[in-house]
Amino acid sequence: MSVPSKWKIAQHWEKNPRRRDFAPHLRLDEPCCFACGWLSERWNLATLQASWQRANLERAHIIPKSLGGPDDASNLLLLCRPCHQESPDWVDPEQMTRWIATREERPSREVETFMAWLAAAERAPDFKDALASVVAEEGAAERVSELLRSLLGQAGTHFGIGFSQGTRVAVLQAAANQLTRHVQQASYESEKS
């Protein structure tokens with residue numbers, strides 16, 4: 001028997017009488033982690049089926065296969081990686097429902113990324129100062145955005161993680177250095193003329 005698609009799993013739990021226990025965050029029109037509600041706006045495609053298939057969610061067994069659990073939709077949930085890694089591997093399905101009931105909600109992937117960049121900015125105070133020094137210049141937002149895109153193009157990523165927090169701080173610090181040099185150069189040229 002083949003493992004059901006993510007779409008088939010979502011459809012199964014949408015109609016299941018125990019949906020509130022096993023998939024409290026499930027909304028068929030928006031792919032998300034059944035346990036914490038985590039989602040990504042980038043998963044939205046032309047059809048719901050395509051959106052669910054694209055969603056970065058993992059099939060998680062309620063009763064693990066190694067403990068005799070089947071690969072059918074009634075024994076599978078769609079979880080984000082952190083939820084899947086922390087979920088119980090136990091023979092009693094009620095342990096899964098107890099665990100799901102205690103999961104904290106997570107914001108969307110985009111909100112988490114934004115919050116990570118804000119935290120990185122706190123660790124790169126030179127960036128905030130440099131940004132403040134150019135913000136009033138005409139075209140500053142576009143110039144800073146282009147600078148950050150350019151610097152991100154030079155950065156590496158961790159497999160399965162993307163940009164690490166240390167990389168974000170390094171990018172912002174490099175941007176601060178370039179912005180500071182820009183302000184110093186503009187000041188020097190202004191004094192010369």
Side-chain angles (χ1 to χ4, degrees), residues 1-67 69-122 141 145 148-149 152-153 155 157-165 167-168 171:
M1 176 182 194
S2 64
V3 178
S5 69
K6 294 175 188 177
W7 174 239
K8 292 289 183 194
I9 295 167
Q11 287 179 309
H12 167 82
W13 286 104
E14 176 68 17
K15 299 172 189 161
N16 192 292
R18 300 234 25 220
R19 177 180 174 266
R20 289 188 182 271
D21 297 327
F22 287 100
H25 294 281
L26 173 62
R27 285 185 33 209
L28 208 53
D29 64 340
E30 186 171 63
C32 68
C33 175
F34 289 5
C36 74
W38 183 77
L39 61 95
S40 173
E41 288 84 358
R42 294 182 184 167
W43 296 342
N44 292 329
L45 297 177
T47 68
L48 288 174
Q49 182 174 357
S51 295
W52 277 97
Q53 289 308 110
R54 181 179 184 172
N56 192 17
L57 298 170
E58 300 175 359
R59 292 172 188 88
H61 288 83
I62 295 170
I63 299 173
K65 193 172 178 126
S66 63
L67 297 176
D71 280 337
D72 61 54
S74 65
N75 190 47
L76 291 168
L77 303 175
L78 297 175
L79 303 178
C80 63
R81 177 166 288 176
C83 283
H84 192 191
Q85 290 175 340
E86 295 175 23
S87 66
D89 293 319
W90 198 250
V91 72
D92 179 5
E94 295 311 308
Q95 293 303 321
M96 182 66 83
T97 64
R98 287 185 189 106
W99 176 80
I100 289 171
T102 64
R103 292 301 287 171
E104 288 188 26
E105 289 186 16
R106 287 177 60 201
S108 72
R109 179 178 184 174
E110 288 70 18
V111 170
E112 283 183 332
T113 299
F114 178 73
M115 298 303 288
W117 279 103
L118 285 179
E122 289 299 316
S145 292
L148 290 173
R149 274 193 290 278
L152 283 171
T157 59
H158 288 285
F159 179 74
I161 296 172
F163 294 113
S164 70
Q165 199 62 355
T167 300
R168 287 184 183 101
V171 165

Any idea which heavy atoms bring K6 and W52 closest together, and the distance?
-> CD-O, 3.3 Å
At their closest point, which heavy atom of N75 faces which heavy atom of P70, and how far apart are they?
-> ND2-O, 2.9 Å
Test side-chain contact (heavy atoms from CB on, under 4.5 Å) on F22 and I62 and set out the steps.
-> CA-CA 9 Å; F22 287 100; I62 295 170; 3.7 Å; yes
Scan P24, P82, C80 and name whichever one has a side-chain contact (heavy atoms from CB on, under 4.5 Å) with C36.
-> C80
Step by step, work out the side-chain contact (heavy atoms from CB on, under 4.5 Å) result for L79 and S87.
-> CA-CA 9 Å; L79 303 178; S87 66; 4.2 Å; yes
Check whether more than 12 heavy atoms from other residues, nucleotides or ligands sit under 6.0 Å from atom CD of E104, and answer yes or no.
-> no
Does any N or O in the side chain of R59 come within less than 3.5 Å of the main-chain N or O of D71, such that one atom is a donor and the other an acceptor?
-> no
If every non-hydrogen atom of L45 is compared with every non-hydrogen atom of A50, which pair is closest and at what distance?
-> CD1-O, 3.4 Å
Verify whether one side chain among E94 and T97 offers a donor that lies under 3.5 Å from an acceptor in the other.
-> yes
Reported SG-to-CH2 distance for the pair C83 and W99, which is rounded to 0.5 angstrom | 4.0 Å
V171 and F163, any side-chain heavy atoms less than 4.5 Å apart | no
Could you tell me the separation between the CG atom of L67 and the CG atom of D92, rounded to the nearest 0.5 Å?
-> 11.5 Å
Which residues pass the side-chain hydrogen bond (donor to acceptor under 3.5 Å, both in side chains) test with R103, sequence neighbours left out?
-> E86
Does P31 reach the side chain of L39, with side-chain heavy atoms less than 4.5 Å apart?
-> no
For side-chain contact (heavy atoms from CB on, under 4.5 Å), just list the numbers for H61 and L76, CA-CA rounded to whole Å, side-chain angles, deciding distance to a tenth of an Å, and then say yes or no.
-> CA-CA 5 Å; H61 288 83; L76 291 168; 3.7 Å; yes
Over all heavy atoms of both residues, which pair between L77 and I100 is shortest? Give the atoms and the distance, please.
-> CD1-CD1, 3.8 Å
Would you check, one step at a time, whether the test side-chain contact (heavy atoms from CB on, under 4.5 Å) holds for Q53 with S5?
-> CA-CA 7 Å; Q53 289 308 110; S5 69; 3.4 Å; yes
Is the W38 ring parallel, tilted or perpendicular to the W43 ring (thresholds 30°, 60°)?
-> perpendicular
Could you state the interatomic distance from CZ (R42) to CD (E110), rounded to the nearest 0.5 Å?
-> 5.5 Å
Distance col, row R109:CZ vs C32:SG, nearest 0.5 angstrom, shows 15.0 Å
Who are the side-chain contact (heavy atoms from CB on, under 4.5 Å) partners of Q165, not counting sequence neighbours?
-> A116, A119, A120, R123, R168
Is the number of heavy atoms from other residues, nucleotides or ligands under 6.0 Å of R20 CZ greater than 12?
-> no
Between CG on residue D72 and CD1 on residue I9, distance to nearest 0.5 Å | 9.5 Å
Distance col, row E58:CD vs Q85:CD, nearest 0.5 angstrom, shows 7.0 Å
F114 versus V111: any side-chain heavy-atom pair under 4.5 Å?
-> no
